[in-house]
Amino acid sequence: MKIIFIWPSFYKEVEGVENVQKRKQTAAKNVKQKQMSEKKKDMISGYLYVAPFFIIFGIIGLYPAVFSILLAFQKWNGLGEMDFVGMQNFVIVLQDPLFWKSLYNTIIIGLMGTAPQLIVGIILAYFLNMAVIRFTNFFRVTIFMPYITSMVAVALVFGVFFSSNETALANYVLGLFGFDPVSWKTSEWGAKVAISLMVFWRWVGYNTIIYLAGLQSIPKDLYEAATIDGANKIQQFLHITVPLLKPFIILTVFMSTVGALQLFAEPTVFLGSSAFNRDEAMTVVMYLYRDAFNLGSFGTASATAVLLLIIIVGAAAINTWITSGMGRKKKRGV
């Protein structure tokens with residue numbers, strides 16, 4: 001039988017090893033806690049930095065939108081109590097011939113004022129990007145000036161150009177070609193043409209600058225290689241410029257579609273105080289404004305806003321789908 005003696009020093013060594021391990025574990029926990037606390041601080045500071053935007057957006061953007069959707073199912077004059085009427089406001093709006101007339105005006109003015117500016121914007125940006133043209137910086141600033149011009153000043157200038165007098169500039173030009181003077185502010189198509197030209201003049205420079213930024217991102221080597229291969233300027237424009245501008249075209253089409261369906265300032269300022277009393281150029285937003293602030297029917301105005309939102313989403317989705325498929329080759333079956 002063997003007897004094993006364990007000296008006290010052995011216990012001290014074992015306790016020392018255990019203490020070291022405990023200290024390491026404690027240190028590791030402290031490091032993890034510090035890291036977690038630093039991550040929490042960074043997360044909290046990040047939320048605090050972005051909080052002002054979300055607070056302002058919630059107060060100014062989100063709350064009015066939600067309130068407008070809820071108001072679409074209420075009958076309210078802006079002062080008294082709300083009465084729940086269900087889908088009655090939508091029925092009233094959809095049965096109103098003036099709503100469909102305003103939607104027709106919005107689409108026609110939007111097409112006449114938006115589609116040409118996108119095409120002309122690409123052409124102007126292409127010429128402004130050419131190295132052979134002198135004073136390009138001057139032309140770039142000049143073409144962008146209408147966008148930053150006051151809407152009131154624009155309406156005053158176009159009001160003089162498209163005056164009903166025979167000596168007005170627009171009627172004078174028509175007279176040179178043998179046409180009779182047009183009452184631009186009271187005739188059906190006269191008001192649409194004048195407002196469309198105003199929209200075109202104001203926004204064509206904005207789209208041109210966007211296209212110009214896209215053109216400057218296209219490598220010059222592609223044009224040089226196309227020139228060596230014998231491609232002319234038109235072929236280079238159709239097969240190089242337009243396909244590579246596709247993301248910018250999608251952006252401008254989306255923004256122009258939304259802006260055209262929300263048209264309000266141009267016809268209101270151009271037609272003046274009689275803008276809400278006639279239907280020659282009344283848009284959907286003008287119809288909405290008239291119901292809310294002239295007739296005191298906030299329920300039908302909110303219902304119109306909801307319908308306009310649906311129309312904008314649908315039109316923007318269709319236009320984006322069409323432009324995104326531009327230049328895409330069809331797959332051939334094997």
Under a 4.5 Å side-chain heavy-atom rule over Ile, Leu, Val, Met, Phe, Trp and Tyr, are [X] and [Y] clustered together?
X	Y	answer
Phe53	Tyr49	no
Leu308	Leu295	no
Trp321	Ile250	no

Hey, does [Y] have a side-chain heavy atom less than 4.5 Å from the side chain of [X]?
X	Y	answer
Thr283	Ser102	no
Trp100	Leu94	yes
Ser302	Ile69	no
Leu245	Leu215	yes
Ile312	Thr257	no
Leu307	Phe99	yes
Leu263	Val199	yes
Leu271	Arg278	yes

Atom [atom1] of [X] and atom [atom2] of [Y]: how far apart are they, to the nearest 0.5 Å?
X	Y	atom1	atom2	answer
Tyr63	Ser68	OH	OG	11.5 Å
Thr300	Leu288	OG1	CG	8.5 Å
Thr304	Arg290	OG1	CZ	9.0 Å
Asn129	Lys220	CG	NZ	4.5 Å
Leu197	Arg202	CG	CZ	15.0 Å
Ile148	Tyr206	CD1	OH	13.5 Å

- request: Report the residues that fulfil side-chain hydrogen bond (donor to acceptor under 3.5 Å, both in side chains) with Thr252, sequence neighbours left out, ordered by chain and then residue number.
  value: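 Thr252 satisfies side-chain hydrogen bond (donor to acceptor under 3.5 Å, both in side chains) with Tyr211 once adjacent residues are dropped.
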message: Taking Lys101 first and then Glu188, would you say they form a salt bridge - that is, a charged N and a carboxylate O separated by under 4.0 Å?
response: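 Salt bridge between Lys101 and Glu188, a charged N being under 4.0 Å from a carboxylate O: yes.
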message: Tell me whether Glu280 is salt-bridged to Lys185, with the criterion being a basic N under 4.0 Å from an acidic carboxylate O.
response: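 Result for this pair is no, no salt bridge flagged.
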query: Does a donor on one side chain and an acceptor on the other come within less than 3.5 Å for Gln236 and Thr227?
result: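 Side chains of Gln236 and Thr227: pair found under 3.5 Å.
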- prompt: Between Lys192 and Asn105, is any side-chain donor less than 3.5 angstrom from a side-chain acceptor?
  reply: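 Yes - a donor-acceptor pair under 3.5 Å links their side chains.
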So, do [X] and [Y] have ring centers that fall under 6.0 Å from each other?
X	Y	answer
Phe54	Phe57	no
Trp184	Phe270	no
Phe276	Tyr287	no

message: Donor-acceptor pair, distance only, cut-off 3.5 Å: does the side chain of Asp229 make one with the backbone of Ala231?
response: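 No, Asp229 side chain to Ala231 backbone: no donor-acceptor pair under 3.5 Å.
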message: If we ignore hydrogens and angles and just use 3.5 Å, is the side chain of Asn171 paired with the main-chain N or O of Asn165 as donor and acceptor?
response: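 Checked: pair present.
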Connected hydrophobic set around Val313, excluding itself, where side chains approach under 4.5 Å: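 Reading the cluster by chain and number, Val313 sits alongside Leu309.
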